[in-house]
2 protein chains.
Amino acid sequence: MTRSAPTDTRTRLLDAAERHFAERGFDGASLRQITSDARANLAAAHYHFGSKEDLFVAVLARRIEPISRERLDRLDQVESDAAGEPVPLEAVLAAFVGPPLRAGASASGGRECLLRLFGRMQSEPEALWKRIVDGPLRETRKRFAAALRRALPRLTDEELAWRMHFVIGTMTGVAADQHRLRLLSNGRCDPSDIDGTIRQLVPFLAGGLRAAKAPSRSSATAAGRRQR
Amino acid sequence: MTRSAPTDTRTRLLDAAERHFAERGFDGASLRQITSDARANLAAAHYHFGSKEDLFVAVLARRIEPISRERLDRLDQVESDAAGEPVPLEAVLAAFVGPPLRAGASASGGRECLLRLFGRMQSEPEALWKRIVDGPLRETRKRFAAALRRALPRLTDEELAWRMHFVIGTMTGVAADQHRLRLLSNGRCDPSDIDGTIRQLVPFLAGGLRAAKAPSRSSATAAGRRQR
DNA sequence: GTCTATAGAACGATAGAC
DNA sequence: GTCTATCGTTCTATAGAC
């Protein structure tokens with residue numbers, strides 16, 4: 001809150017914790033490494049945050065708040081642009097995936113550090129996960145669920161829930177991974193090219209969301225030749 | 001390898017390690033909890049596997065080998081069924097995602113334990129990740145990349161690499177998460193219903209893979225109204 | 001092949017001086 | 001607000017008896 005010349009201890013602790021939690025996860029990171037990296041010590045971390053778990057939540061809350069604001073602002077924009085009814089699905093998706101991907105790529109850690117942390121969240125213990133998802137992410141989740149509901153009127157509620165699950169899974173799965181794309185493309189695609197990621201990701205997600213419905217019966221394995 | 005009456009120590013250690021690594025990750029799980037859960041002790045784990053890291057790799061290798069065989073068998077089947085040229089994309093995808101999802105759901109831990117472990121892999125330290133992906137998963141990756149290349153002749157190599165990245169990210173992201181689908185559907189969708197997951201996932205992935213190409217220039221954010 | 005016992009290091013947390 | 005020092009616990013790994 002207060003403005004100190006270069007960076008205050010609290011901020012240095014958050015920055016260092018972000019790097020270590022991203023690289024090694026909640027259990028893999030240690031307060032000793034974090035505090036020494038922040039040019040501070042164990043006692044400082046406990047003074048400012050109380051516990052390792054509270055530090056973790058603080059790290060995420062600091063990043064998620066501006067991202068949520070940007071996501072909602074862009075959704076407002078998209079919805080008011082389309083004063084007529086049909087809100088373009090691609091624009092909703094870009095408002096959803098763009099802010100976290102961009103923020104993740106440009107944060108303090110330098111490169112793709114925060115992105116890894118976002119990708120890790122879904123594997124962290126349920127206690128941590130719930131504090132984030134039911135807290136800072138709650139409104140964003142509800143607003144975008146409603147927007148997708150309007151953009152995809154033909155899907156049942158169950159189908160839409162499955163597909164939102166897939167959309168979030170794709171985004172976080174992509175955020176979590178730093179090696180796979182390079183491996184799959186023999187080094188020709190660059191995962192740190194965020195604009196490229198968004199330009200490829202949005203049409204993929206839109207295509208998946210708009211896909212023909214799942215067959216209600218066809219043994220699921222021999223789904224066979226349909227469309228195109 | 002040897003057949004002992006109920007289960008030998010080595011197998012009990014693998015089973016217990018699978019549960020703990022899935023639930024808490026590599027760093028979060030401890031050999032003490034694992035060995036006591038397996039009715040054994042620290043020394044037994046080191047005798048059979050050498051180190052915690054080797055135990056982790058052994059846990060994954062045990063599961064991945066039969067899954068890889070099943071994936072490749074089903075891909076062979078699909079390709080020979082389609083003696084004519086166009087192999088149905090949905091069938092290739094079902095051969096890719098079905099075996100790990102089914103195996104993950106029916107393994108020792110009872111429920112979705114192994115699935116969580118698969119989902120975690122992409123966040124584990126690179127040293128662990130590489131030992132799996134460059135080892136037991138190598139041939140599977142190459143064979144399916146070739147199959148998708150043939151099924152989607154209109155995509156450039158770069159676009160295909162991006163989209164395979166998204167497909168794997170979606171699958172592992174979905175595997176990693178146990179809470180999100182229930183939250184998004186207010187409890188109406190069941191993530192442990194594997195047939196349902198596959199029936200929903202395959203059309204989503206096919207729709208994404210077949211989507212219109214990404215716009216090469218349009219500010220990426222205002223992708224605007226196109227198609228449908 | 002399985003055990004007990006323990007070495008040796010790292011962990012989160014806290015007390016108390018400044 | 002930041003530090004040093006330390007408590008009490010837990011960790012992986014290993015030595016050596018059986």
Side-chain angles (χ1 to χ4, degrees), chain A residues 1-62 117 120 124-129 131, chain B residues 1-60 62 117 120 124-128 131:
Chain A
M1 217 43 100
T2 29
R3 265 261 147 267
S4 120
T7 44
D8 58 11
T9 299
R10 195 190 140 90
T11 303
R12 288 202 315 278
L13 282 169
L14 285 171
D15 289 345
E18 187 171 287
R19 284 192 293 274
H20 282 85
F21 284 139
E23 212 54 55
R24 310 262 309 146
F26 179 77
D27 289 304
S30 84
L31 286 180
R32 300 174 116 90
Q33 296 166 244
I34 290 169
T35 52
S36 109
D37 194 8
R39 305 194 311 275
N41 53 71
L42 287 175
H46 281 96
Y47 171 79
H48 284 287
F49 302 100
S51 72
K52 187 185 184 184
E53 187 178 311
D54 289 326
L55 171 60
F56 184 87
V57 173
V59 164
L60 267 100
R62 175 176 72 148
L117 183 57
R120 251 180 213 286
E124 293 296 353
E126 185 169 359
L128 289 177
W129 186 84
R131 287 182 65 177
Chain B
M1 217 44 100
T2 30
R3 263 264 146 263
S4 118
T7 44
D8 58 12
T9 300
R10 196 190 138 89
T11 304
R12 289 202 315 277
L13 283 169
L14 284 172
D15 290 345
E18 188 171 287
R19 284 192 294 275
H20 282 87
F21 284 140
E23 212 54 55
R24 310 265 306 146
F26 180 77
D27 289 303
S30 85
L31 287 179
R32 300 174 115 90
Q33 298 165 242
I34 290 170
T35 52
S36 108
D37 193 7
R39 305 193 312 276
N41 53 74
L42 287 175
H46 280 96
Y47 171 78
H48 285 287
F49 302 101
S51 73
K52 186 185 184 183
E53 187 178 311
D54 289 325
L55 171 59
F56 183 87
V57 174
V59 164
L60 266 100
R62 176 176 70 148
L117 182 58
R120 253 180 212 288
E124 294 295 352
E126 184 167 1
L128 288 177
R131 287 182 64 176

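Here the structure is a predicted model, which is why all the values come from computation and not from measurement. Chain letters run A, B, ... following the sequence lines, proteins first, then strands; residues in each count from 1.
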Engineer: Between dT2(C), dC3(D), dA13(C), spot the one nearest the side chain of His48(B), thanks.
Structural biologist: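 Among dT2(C), dC3(D), dA13(C), the one nearest the side chain of His48(B) is dT2(C).
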Engineer: Respond yes when some side-chain nitrogen or oxygen of Gln33(A) is under 4.0 Å from OP1 or OP2 of dC11(C), and no when none is.
Structural biologist: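 So the side-chain polar atoms of Gln33(A) do come within 4.0 Å of the phosphate oxygens OP1 or OP2 of dC11(C), strictly under.
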Engineer: Send over the distance from Ile34(B) CD1 to dT10(D) P, rounded to a whole Å.
Structural biologist: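 Rounding to the nearest Å, CD1 of Ile34(B) and P of dT10(D) are 16 Å apart.
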Engineer: Ala45(A) near the nucleic acid: base, sugar-phosphate alone, or nothing, with a heavy-atom cut-off under 4.0 Å?
Structural biologist: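 It contacts nothing in the nucleic acid.
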Engineer: State which of dA13(C), dA13(D), dT2(C) makes the closest approach to the side chain of Ser51(A).
Structural biologist: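 For the Ser51(A) side chain, the nearest candidate turns out to be dA13(C).
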Engineer: Where the side chain of Ser30(B) is defined as all heavy atoms beyond and including C-beta, which of dC3(D), dC11(D), dA13(D) is the nearest nucleotide?
Structural biologist: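 From the listed options, dC11(D) comes nearest.
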Engineer: For dA13(D), does either OP1 or OP2 sit under 4.0 Å from a side-chain N or O belonging to His46(B)?
Structural biologist: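 Checking His46(B) against dA13(D): at least one side-chain N or O falls below 4.0 Å of OP1 or OP2.
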Engineer: Rounded to whole angstrom units, what separation is found between the OH atom of Tyr47(A) and the P atom of dA15(C)?
Structural biologist: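 Interatomic distance, OH of Tyr47(A) to P of dA15(C): 15 Å.
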Engineer: Using a strict 4.0 Å threshold on nitrogen-to-oxygen distance, state whether Lys52(A) and Asp27(A) make a salt bridge.
Structural biologist: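 Salt bridge between Lys52(A) and Asp27(A), a charged N being under 4.0 Å from a carboxylate O: no.
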Engineer: Working note: Thr11(B) + Arg62(B), criterion side-chain contact (heavy atoms from CB on, under 4.5 Å); need CA distance, chi angles, decisive distance, verdict.
Structural biologist: CA-CA 10 Å; Thr11(B) 304; Arg62(B) 176 176 70 148; 4.1 Å; yes
Engineer: Rounded to whole Å, please give me the gap between CG in Leu42(B) and P in dC11(D).
Structural biologist: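 The distance from CG of Leu42(B) to P of dC11(D) comes to 9 Å, rounded to the nearest Å.
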Engineer: Report the distance from atom NE2 of His20(A) to atom P of dG12(C), rounded to the nearest whole Å.
Structural biologist: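 It works out to 11 Å between those atoms.
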Engineer: What is the distance from CG of Asn41(B) to P of dC11(D), rounded to the nearest Å?
Structural biologist: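 Interatomic distance, CG of Asn41(B) to P of dC11(D): 15 Å.
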Engineer: Checking all strands, does Glu53(A) fall into the base, sugar-phosphate, or nothing category for heavy-atom contacts under 4.0 angstrom?
Structural biologist: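 Nothing: the residue Glu53(A), judged by heavy atoms under 4.0 Å, touches no strand.
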Engineer: With heavy-atom distances below 4.5 Å as the criterion, would you say the side chains of His46(B) and Leu31(B) are in contact?
Structural biologist: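 Of all side-chain heavy-atom pairs linking Leu31(B) with His46(B), at least one is under 4.5 Å.
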Engineer: Would you find a donor on one side and an acceptor on the other, under 3.5 Å apart, between the side chain of Arg120(B) and the backbone of Glu23(B)?
Structural biologist: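 Pair found, side chain donor or acceptor close to backbone of Glu23(B).
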Engineer: Below 3.5 Å, does any donor atom in the side chain of Arg32(A) face an acceptor in the base of dG12(C), or the other way round?
Structural biologist: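 Answer is yes: a donor-acceptor pair is held.
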Engineer: Can you measure Phe26(B) atom CZ to dC11(D) atom P for me and round it to whole angstrom units?
Structural biologist: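 Phe26(B) atom CZ is separated from dC11(D) atom P by 14 Å.
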Engineer: Tell me the interatomic distance from Asp27(B), atom CG, to dC11(C), atom C1', rounded to whole angstroms.
Structural biologist: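 Roughly 12 Å, once rounded to whole Å.
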Engineer: Of the non-hydrogen atoms in Glu124(A) and Phe26(A), which two are nearest, and what is the gap between them?
Structural biologist: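 For Glu124(A) and Phe26(A), the tightest heavy-atom pair comes out as OE2-N, 3.2 Å.
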Engineer: Closest-nucleotide mapping onto DNA chain C: is Thr9(B) or Ala43(A) further toward the 5' terminus? I mean the 5' end.
Structural biologist: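 On the 5' side of the pair lies Thr9(B).
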Engineer: In this structure, how many angstroms lie between the P atom of dC11(C) and the CG atom of Leu31(B), rounded?
Structural biologist: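 To the nearest whole Å, that distance equals 16 Å.
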